[in-house]
Amino acid sequence: MEMKELVALCKKRGFLFQSSEIYGGLNGFWDYGPLGVELKRNVKNAWWEDMVSTHNEQIQTPGAPATYEMTGLDCTIIMHPQVWKCSGHYDLFHDFMVDCTESKRRYRYDQLRGRWVEAKGQRVFILGDPACENWDETIQARAMKFFNLRGKDADQLKFDAELLSLETLKGEFSQVLAPEAKNLGSLTAPREFNLMFKTIVGALGSEEDATFLRPETAQGIFVNFRNVLDSTRIRIPFGIAQQGKSFRNEITPRNFTFRSREFEQMEIEFFCHPESSRAWYEFWRNYRFAWYEKMGLASDKLRLREHDQDELSHYSVGTADIEYAFPFLPEGEYGELEGIAHRGDFDLRSHTEGKLVNRDGKLEVELNENGKPKHRGSGKDLSYFDDQTRERFVPHVVEPSAGADRATLAFLCEAYHEDEVPDENGELTKRVSLRFHPRLAPIKAAVFPLVKKDGMPEIACEIYGELKKHMAVFYDEKGAIGRRYRRQDEIGTPFCITVDSQTLADGTVTVRDRDSLEQWRVKKEDVVAEIRARIEK
RNA sequence: GCGGGUGUAGCUCAAUGGUAGAGCCAUAGCCUUCCAAGCUAAAGACGAGGGUUCGAUUCCCUUCACCCGCUCCA
C-alpha cells in the first residue's frame with residue numbers, strides 16, 4: 001500500500017484533515033474528522049479500559065510479578081516552569097545549533113569538537129565530524145588535506161594538545177574549518193532551537209512569567225504522586241495512567257501524523273520497589289507488546305527493540321521501543337509506537353532534590369558555578385513508607401509511554417486492505433476495506449432496507465434505533481445495495497444488517513461480515529445481542 | 001533549516017494573457033429484491049499574497065503546504 005492512498009482515503013472519508021486547511025495548512029498539525037475522532041477515541045478507550053478501568057487488582061495478571069493496582073489522573077497542559085527545569089526538559093530542549101553555509105549541514109553546537117593546529121604560518125581550528133569514531137585521526141586527516149600536505153610532511157602540523165569544544169571559541173568562527181567544509185569560517189553563529197512551546201501566563205505577563213506547554217504528560221503524574229498516595233488507599237506496586245495532549249516544536253514534522261507538533265500521549269507511570277523494578281519493566285514491555293497484537297497489528301510488522309546501553313537516557317536502566325513497520329518507512333525500518341522506559345528514581349528524586357545528573361553511575365544534584373543546585377527541587381518528600389516491611393524508599397518507575405496518534409495511524413495502515421469482489425455480473429472489481437478490530441471501528445454496524453418499499457425501511461429503522469442505544473450505527477436506504485456495502489467497507493464497518501423480503505415472512509434479517517463477505521440470518525430482535533457479542537469477542 | 005520536485009472540483013486529468021472543460025466520487029429524485037447497474041437534476045476548482053498588464057490560473061517575486069533527500073528526532 002502506498003501512503004498516498006491512505007492519506008487520500010483518510011481525507012475522502014473524514015478520518016484526518018490538515019489543520020487550518022482553508023488557510024493553506026500548518027506544518028505539523030492535523031485535525032481528526034467525523035470518523036477519525038471515533039477511531040482515535042476507540043483507541044484511547046480500549047487502552048484505558050484494558051489498562052485501568054477493567055484491571056482487576058485482586059488477580060495476578062499473567063506474566064506480572066505480583067498483583068498491582070491502577071488508577072488515573074488528568075493534569076494540566078501548562079504547569080509550573082520549575083517542573084520542566086527539574087525534569088531536565090528545560091536544559092535538554094534548548095539546543096543551540098550552528099549551520100554550515102558551505103555544506104548546508106546543521107550541527108548541535110555542544111557536540112562539535114576540534115583542535116587548534118598550526119602549519120605554514122597559519123593557525124586554524126579544525127572540527128571533527130560528531131559521528132566520527134576517532135577524533136584525533138579524523139582531525140589529523142582533515143588538517144593534512146586543508147594544508148595540502150603529503151604523508152611525509154605530517155610533522156609540519158603543530159597541534160594544540162587539547163580536544164576542545166567549539167563552545168570555547170565564544171562564537172568567533174572565522175578560523176574554524178567546519179566538519180564538511182573546504183573553507184574557513186562557514187559556520188553561522190549558534191542559534192537557539194526551543195523544542196518546547198513557550199507561552200505567557202497572565203494578561204500583562206512578561207518574559208519572567210514564561211511557561212511551557214508540556215512536552216510530555218508524565219511530569220503531571222510525578223508531581224501529583226504524593227497527592228494520589230494521600231487521597232487514596234493505593235499501595236505499591238501501582239500505576240497511574242494519563243491521556244492527554246503534549247507539544248513539541250519539532251524541527252521537521254514529517255510522515256502524516258507520525259511526527260506532529262501537537263500530539264496525544266497515553267502514559268502509565270508504574271511505581272514499584274527498586275528490587276522488583278527489573279521484573280516489572282520486563283512485564284510491561286511484554287504486556288504492552290501483546291496489547292498491540294490483540295488489537296490487530298500483525299506480529300510480523302511489530303518489533304520490540306531494546307535500546308543499546310549508550311542509547312539509554314542517563315537515568316534509565318533499560319528502555320525498549322515497540323515499533324511498527326509503517327508503510328512510509330523504507331523496507332526493514334520501523335517507527336516507534338511506544339517506549340517502555342525504566343526510569344529508576346530519577347523523576348521523584350529530581351522533584352524533591354533538584355535536577356539530577358549522572359556522575360560515574362550515581363545520580364547527584366547538578367550544581368551551578370556557585371556550587372548551588374542548578375535547578376532547585378520542591379523539597380517535598382516523595383518517598384514511600386511500606387507498613388508491612390517498615391521500610392522507607394523512593395519508588396522506582398517503569399514508564400510505558402504510547403502515542404495515541406501513532407497508534408491510530410498504525411491501526412489505519414494495518415487496516416487498509418484491497419481485494420477483488422464479484423459485481424452483479426460476476427466480474428471481479430477492486431474493493432477497498434479498512435479491516436479494523438471491531439472494538440476500534442468508528443461505526444460498528446450499518447442497517448439497510450434491501451429496497452425502499454414494502455415496509456422494509458420501517459423495520460430497518462426500528463433495528464437501527466435499538467442498536468443506536470448501544471453503539472455507533474449507520475442507517476442507509478439510498479442507492480443499490482452493493483454500493484451501500486462498499487461504502488461501509490471503505491470506512492471499516494464490520495457488520496451490515498439488511499432487511500429483505502424474507503424478513504417480512506419470518507422476522508429474520510441478514511448480517512454480513514466485512515472481511516469474509518459471509519451472510520447469515522438472525523431474528524431481528526436478537527440483532528443487538530448478536531452484534532454486541534461479536535464486537536466484544 | 002538546506003537542496004530538488006509538485007500545487008486547477010473530494011479524486012484523476014484537460015485547456016487558456018480575455019466567460020476554466022471532462023470522467024469518477026459525493027448530493028437530490030426516479031428506478032432497483034444482496035455486493036460500486038441505469039436515467040434525470042443540481043452542485044463543485046486555478047494554494048495564498050503582491051507585482052507587470054486594459055485584463056494574470058497562465059509571466060515575475062514572495063509565501064504556504066505536500067512529496068523525496070540531507071539535518072534534527074528528549
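A note on names: the letters A, B, ... follow the listed sequences, proteins ahead of strands, and every chain is numbered from 1. Being a predicted model, the structure only gives us computed values, none of them experimental.
The nearest whole Å value for the distance from the NZ atom in Lys452(A) to the P atom in G29(B) is 6 Å. Rounded to a whole Å, the CZ atom of Phe256(A) is 9 Å from the P atom of C67(B). Rounded to whole Å, atom P of A36(B) lies 17 Å from atom CD of Glu418(A). Taking atom OH on Tyr23(A) and atom P on G47(B), their separation rounds to 18 Å, with Å as the unit. Between the CZ atom of Arg484(A) and the C1' atom of C35(B) there is a distance of 11 Å, rounded to whole Å. Between Gln18(A) atom CD and G7(B) atom P there is a gap of 17 Å when expressed in whole angstrom units. For the pair Asn255(A) CG and C68(B) C1', the computed distance is 11 Å after rounding to whole Å.
Side-chain atoms of Thr503(A) come within 3.5 Å of backbone N or O of Thr508(A) as a donor-acceptor pair. At least one donor-acceptor pair under 3.5 Å links the side chain of Arg214(A) to the backbone N or O of Lys245(A).
For the C1' atoms, the distance linking C46(B) with A36(B) amounts to 30 Å, nearest Å. Spacing between G5(B) and C73(B) at atom C1', rounded to whole Å, works out to 24 Å. If you take atom C1' in A14(B) and the same atom in A9(B), they sit 13 Å apart, rounded to whole Å. Distance noted for atom C1' between C2(B) and C60(B): 24 Å (whole Å). Taking atom C1' in both G51(B) and U19(B), the straight-line distance is 25 Å, to the nearest Å. The separation of A22(B) from U8(B), taken at their C1' atoms, amounts to 13 Å, rounded to a whole angstrom. Here the separation of A20(B) from C24(B), taken at their P atoms, is 22 Å to the nearest Å. Using atom P as the reference point in both G21(B) and U57(B), the two lie 15 Å apart (nearest Å).
Across all strands shown, Asp489(A) has no heavy atoms under 4.0 Å from either base or sugar-phosphate atoms. Contact annotation for Gln488(A): no contact, since no heavy-atom pair falls under 4.0 Å across all strands.
For Lys11(A), the side-chain atoms get nearest to C11(B) when compared with the rest of C30(B), C34(B), C11(B). The side chain of Val421(A) has C35(B) as its nearest neighbour among A36(B), U33(B), C35(B). Closest contact between the side chain of Lys478(A) and the listed nucleotides A65(B), A28(B), A37(B) involves A28(B). Looking at the side chain of Leu517(A), the nearest of the listed nucleotides A36(B), C35(B), C34(B) is C35(B). Residue Thr498(A) places its side chain closer to C34(B) than to any other of C34(B), U33(B), A37(B).
A salt bridge does not link Asp489(A) with Arg514(A): every distance from a Lys NZ or Arg NE/NH1/NH2 to an Asp or Glu carboxylate oxygen is 4.0 Å or more. Taking the charged nitrogens against the carboxylate oxygens, Arg534(A) and Glu530(A) do have a contact shorter than 4.0 Å, which makes a salt bridge. Ion pairing of Asp500(A) with Arg521(A) is present here, as a side-chain N (NZ or NE/NH1/NH2) and a carboxylate O approach within less than 4.0 Å.
For A36(B), the base has a donor-acceptor partner in the side chain of Arg486(A) [N/O atoms by modelled type, under 3.5 angstrom]. A donor N or O paired with an acceptor N or O is not found under 3.5 Å between the base of C35(B) and the side-chain atoms of Arg431(A). Between the side chain of Tyr485(A) and the base of C34(B), a donor-acceptor pair under 3.5 Å is found. With hydrogens and angles left out, the side chain of Gln519(A) and the base of C34(B) share a donor-acceptor pair within 3.5 Å.
OP1 or OP2 of A26(B) sits under 4.0 Å from a side-chain N or O of Arg483(A). The phosphate of C66(B) has OP1 or OP2 within less than 4.0 Å of a side-chain N or O from Asn27(A). Side-chain nitrogen and oxygen atoms of Arg261(A) include none within less than 4.0 Å of the OP1 or OP2 phosphate oxygen of C73(B).
Of the nucleotides present, C68(B) is the one that pairs with G3(B) by Watson-Crick or G-U wobble criteria, both distances under 3.5 Å. Using the Watson-Crick or G-U wobble rule with both distances under 3.5 Å, G23(B) pairs with C11(B). Taking a pair to require two hydrogen-bonding distances under 3.5 Å in either a Watson-Crick or a G-U wobble arrangement, A48(B) pairs with U62(B). Here U33(B) sits opposite no nucleotide as a Watson-Crick or G-U wobble pair (both hydrogen-bonding atom distances under 3.5 Å). In this entry U53(B) has no Watson-Crick or G-U wobble partner, no candidate having both defining distances under 3.5 Å.
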Hey, mind stepping through Asp91(A) and Lys374(A) against salt bridge (charged side-chain N to carboxylate O under 4.0 Å, His left out) and telling me if it holds? CA-CA 10 Å; Asp91(A) 292 341; Lys374(A) 186 178 179 192; 3.1 Å; yes

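Contact record, Leu304(A) with Ala320(A): CD1-CB, 4.3 Å, taken as the closest heavy-atom pair.
For the residue pair Gln219(A) / Ser87(A), no side-chain donor-acceptor distance below 3.5 Å is found, with atom types taken as modelled.
In this structure, Leu26(A) and Phe328(A) both approach RNA chain B, and ranking their closest nucleotides by distance from the 5' end singles out Leu26(A).
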